[in-house]
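Values below: every heavy atom of this structure, side chains too, minus hydrogens, waters and symmetry copies. Quick note on labels: first sequence line is chain A, next is B, and so on, each numbered from 1.
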There are 2 protein chains.
Amino acid sequence: MSILTNAADVLRCFTPQRLELTLTDTVSLLGAPKSSTSRLLRAMRDAGFLELAPGTRRYRPGILLFELGQTYRRASTLLARADEAVGRLSRRFGHTGYVSVLDGADVVGVAHHEGSSTLRVGTPIGRRLAAFASSTGRSLLARRTDAEVRALHPEPLRPASPHSPPDIAALIAMLAEVRRQGFATSLEEANPGVGGIAVAVGEAGTGEEVSLNLVYPVATVSITERQAMLNALQAEALEIATLVGDPWHAARKAA
Amino acid sequence: MSILTNAADVLRCFTPQRLELTLTDTVSLLGAPKSSTSRLLRAMRDAGFLELAPGTRRYRPGILLFELGQTYRRASTLLARADEAVGRLSRRFGHTGYVSVLDGADVVGVAHHEGSSTLRVGTPIGRRLAAFASSTGRSLLARRTDAEVRALHPEPLRPASPHSPPDIAALIAMLAEVRRQGFATSLEEANPGVGGIAVAVGEAGTGEEVSLNLVYPVATVSITERQAMLNALQAEALEIATLVGDPWHAARKAA
DNA sequence: CATGGCAGTCCCGAAAAATGGAACCGGAGT
DNA sequence: ACTCCGGTTCCATTTTTCGGGACTGCCATG
């Protein structure tokens with residue numbers, strides 16, 4: 001219960017839908033006393049975590065946090081490689097690509113490359129998505145044991161779409177398939193009309209894991225194009241995997 | 001002296017050159033006692049500000065900070081517009097473009113669009129640059145009064161390049177020129193061989209200000225191309241300026 | 001022009017957390 | 001086995017934080 005956790009709680013109130021916070025917003029979101037919250041917000045501002053949107057009394061993240069966000073991205077060579085690879089894939093196929101990481105039971109995109117095709121699909125990065133309900137997420141979950149997956153997901157699942165696994169058993173079955181195939185797919189789950197394919201890669205030494213992911217409009221992409229994307233995605237992932245010594249891919253190759 | 005300022009101090013230790021921090025790094029950088037720092041880092045980790053690079057004892061920014069960095073970018077419509085505009089310019093001319101904001105006496109890039117031309121120049125975003133020694137920075141400084149500029153810059157200036165203003169008087173003179181012309185330029189300042197042109201835009205209601213900035217390799221860009229870039233940049237900036245009601249541009253137009 | 005919310009800040013004693021010196025731990029190097 | 005070295009834990013003391021309530025300034029309303 002250090003003030004740090006309170007500060008973090010405040011920061012977690014910011015979402016892509018709620019870019020700025022007023023004192024009363026924060027109070028009602030957190031249920032904390034007004035006076036404490038007022039002081040907390042001011043302290044956070046003094047420290048540089050927040051800034052006041054000029055001319056208003058609304059707080060928003062400070063530039064310090066922006067800079068650190070950049071640092072986060074650069075801190076990992078695995079991420080950098082994945083970013084590179086997805087950029088190549090995105091340019092080659094004209095579809096949007098993401099790099100995502102698992103955080104608890106969510107995936108959050110940490111990099112994205114917008115497709116060039118007229119039909120662009122996808123969601124901005126920094127957005128959180130239930131891991132079990134997306135190809136990216138499942139490609140990462142497949143690297144956990146079933147027990148870990150169960151621990152992460154309190155029943156009942158709240159599937160966002162009819163194409164998502166309706167319960168844990170279905171999820172576990174899907175993950176088994178992902179492990180067998182080496183990639184994960186989705187069809188109109190997070191976004192209607194959008195399909196996704198994803199391959200996860202992990203670093204041997206660090207245990208760090210990211211997922212490479214391409215999304216495309218199902219209506220205009222042929223089976224053969226999809227297959228080409230899948231092949232390219234797997235190739236890129238495999239290259240990174242061998243480079244960083246991913247034991248998971250190594251095991252697959254041996255089998 | 002709240003723990004928040006200490007935490008912020010720790011976070012400020014991260015730079016593009018120092019992506020991860022060990023306990024002893026932090027201790028020597030901050031000069032704080034070991035035990036306090038150890039606890040602080042752990043508390044920050046528990047709160048989600050930091051994470052341990054898996055398998056090591058090195059701390060790095062947590063994903064929470066990454067998400068907030070994204071929020072920062074989206075919190076401002078001015079920023080969003082500028083980002084759009086610079087994206088257009090970058091695609092059109094094939095050179096790299098930035099959107100930057102002033103923070104104290106520094107500018108920090110908050111968005112960038114990499115050029116498509118074979119000669120790509122520029123520095124990654126999230127990087128801090130002395131405002132007085134770049135076109136972006138000067139385009140923003142020109143919107144301050146001379147007194148404010150002086151207050152921001154303790155003599156003597158430490159010019160990074162022979163093309164930067166050597167002292168405050170020279171800077172003030174350059175800023176006067178920027179105000180007269182409505183744009184700022186640089187030639188081989190922050191990066192050798194690259195030139196930059198920048199126009200700042202501010203929002204009436206909020207007082208928020210950003211700078212749009214294009215950089216290009218001086219060796220391969222003709223006078224006429226540069227002029228075209230400048231025209232386009234000014235046109236984009238002016239459009240945004242009228243949209244958000246920038247009094248500064250309004251005054252220029254009236255004159 | 002009073003009046004009543006509404007948003008935010010200030011004050012204070014009680015309670016909890018931070019502080020930092022020193023002791024402690026475990027591993028790598030000798 | 002010894003001893004740095006990086007890091008953690010302990011504990012008494014000092015410093016913040018907490019949160020209820022009073023207080024201020026600001027509309028909008030009667």
Side-chain angles (χ1 to χ4, degrees), chain A residues 1-15 17-62 64-65 71 75-76 204-208, chain B residues 1-15 17-62 64-65 75 204-208:
Chain A
M1 310 296 133
S2 114
I3 191 180
L4 280 176
T5 59
N6 294 322
D9 288 342
V10 170
L11 294 179
R12 277 185 244 274
C13 292
F14 290 102
T15 67
Q17 285 73 44
R18 192 168 31 239
L19 269 22
E20 300 185 332
L21 284 176
T22 176
L23 169 64
T24 11
D25 288 347
T26 318
V27 166
S28 60
L29 283 164
L30 258 39
K34 234 185 356 170
S35 62
S36 310
T37 309
S38 170
R39 261 178 296 114
L40 176 58
L41 289 175
R42 192 145 31 78
M44 288 174 73
R45 182 167 66 83
D46 292 343
F49 287 100
L50 301 178
E51 58 185 43
L52 278 170
T56 75
R57 277 187 232 191
R58 293 196 299 277
Y59 288 92
R60 55 166 132 154
L64 171 64
L65 296 180
T71 305
S76 156
T206 65
E208 207 178 1
Chain B
M1 318 289 136
S2 119
I3 192 179
L4 279 176
T5 60
N6 294 322
D9 289 342
V10 169
L11 293 178
R12 278 184 245 273
C13 291
F14 290 101
T15 66
Q17 285 74 44
R18 193 168 31 238
L19 269 21
E20 300 184 333
L21 284 176
T22 175
L23 168 64
T24 14
D25 290 346
T26 318
V27 166
S28 59
L29 283 165
L30 260 40
K34 231 184 359 167
S35 62
S36 310
T37 309
S38 171
R39 261 176 298 114
L40 175 58
L41 289 176
R42 189 145 36 77
M44 288 175 73
R45 181 167 67 83
D46 292 344
F49 287 101
L50 301 179
E51 58 186 42
L52 277 170
T56 74
R57 276 187 236 190
R58 292 197 299 279
Y59 288 93
R60 55 169 144 168
L64 171 64
L65 296 180
T206 66
E208 210 179 358

*Hey, what do you get for CZ (A:R60) to CD (A:E51), rounding to the nearest 0.5 Å?*
5.0 Å

*Under the side chain to side chain contact (heavy atoms under 4.5 Å, CB included) rule, what do A:L21 and A:L50 come out as? Steps first, then yes or no, please.*
CA-CA 10 Å; A:L21 284 176; A:L50 301 178; over 6 Å; no

_Within the structure provided, determine whether B:D25 and B:E20 are in side-chain contact (heavy-atom separation under 4.5 Å)._
no

_For atom NZ of A:K34 and atom P of C:dA7, their distance in whole Å_ = 8 Å

*Using whole Å, report how far OH of B:Y59 lies from P of D:dG6.*
15 Å

_Rounded interatomic separation in angstrom, taking CZ from B:R39 and P from C:dA22_ = 15 Å

*Rounded to whole angstroms, how far apart are CG on B:L4 and P on D:dT15?*
19 Å

Using the 3.5 Å cut-off, write out each protein N or O paired with an N or O of nucleotides 26-28 of chain C and the distance between them.
none

_Under 3.5 Å: donor-acceptor pair, side chain of B:R57, backbone of B:L23_ = no

*Between A:S2 and A:S35, who's closer to the 5' end of DNA chain C by nearest nucleotide?*
A:S35

_Side chain B:S28, main chain B:T24, donor-acceptor under 3.5 Å_ = yes

_If I take atom CG in residue A:L23 and atom C1' in nucleotide C:dC6, what distance separates them, rounded to the nearest angstrom?_
11 Å

*asked:* Taking the axis from the first five pairs and the axis from the last five, what angle separates them in the helix from C:dC1-D:dG30 to C:dT30-D:dA1, rounded to 10 degrees?
replied: 30°

_Taking any heavy-atom pair under 4.0 Å as a contact, classify B:T24: base, sugar-phosphate, or nothing._
sugar-phosphate

*Rounded to whole angstroms, how far apart are CG on B:L40 and P on C:dA18?*
9 Å

*asked:* Quick check on D:dT9: is either OP1 or OP2 less than 4.0 Å from any side-chain nitrogen or oxygen of B:R42?
replied: yes

*Just to confirm, is there a sub-4.0 Å distance from OP1 or OP2 of D:dG7 to any side-chain nitrogen or oxygen of B:R58?*
no

_Restricting to non-hydrogen atoms, name the atom on B:L4 and the atom on A:A7 that form the minimum distance, rounded to 0.1 Å._
CD2-CB, 3.8 Å

*In Å, rounded to the nearest 0.5 Å, how long is the span from CG of B:L52 to OH of B:Y59?*
5.0 Å

*side chain to side chain contact (heavy atoms under 4.5 Å, CB included) between A:L30 and A:T37: does it pass, once the steps are laid out?*
CA-CA 9 Å; A:L30 258 39; A:T37 309; 5.6 Å; no

*CE of A:M44 versus P of D:dT17: gap in Å, rounded?*
13 Å

*Phosphate oxygens OP1/OP2 of C:dT9: is one of them under 4.0 Å from a side-chain N or O of A:S38?*
yes

*Verify, without hydrogens or angle tests, whether B:R18 (side chain) and B:C13 (backbone) share a donor-acceptor contact under 3.5 angstrom.*
yes

*asked:* Between C1' on C:dA17 and CG on B:N6, what's the gap in Å once rounded to a whole number?
replied: 13 Å

*Toward the 5' end of DNA chain C, which comes first, A:T22 or A:I3, by nearest nucleotide?*
A:T22

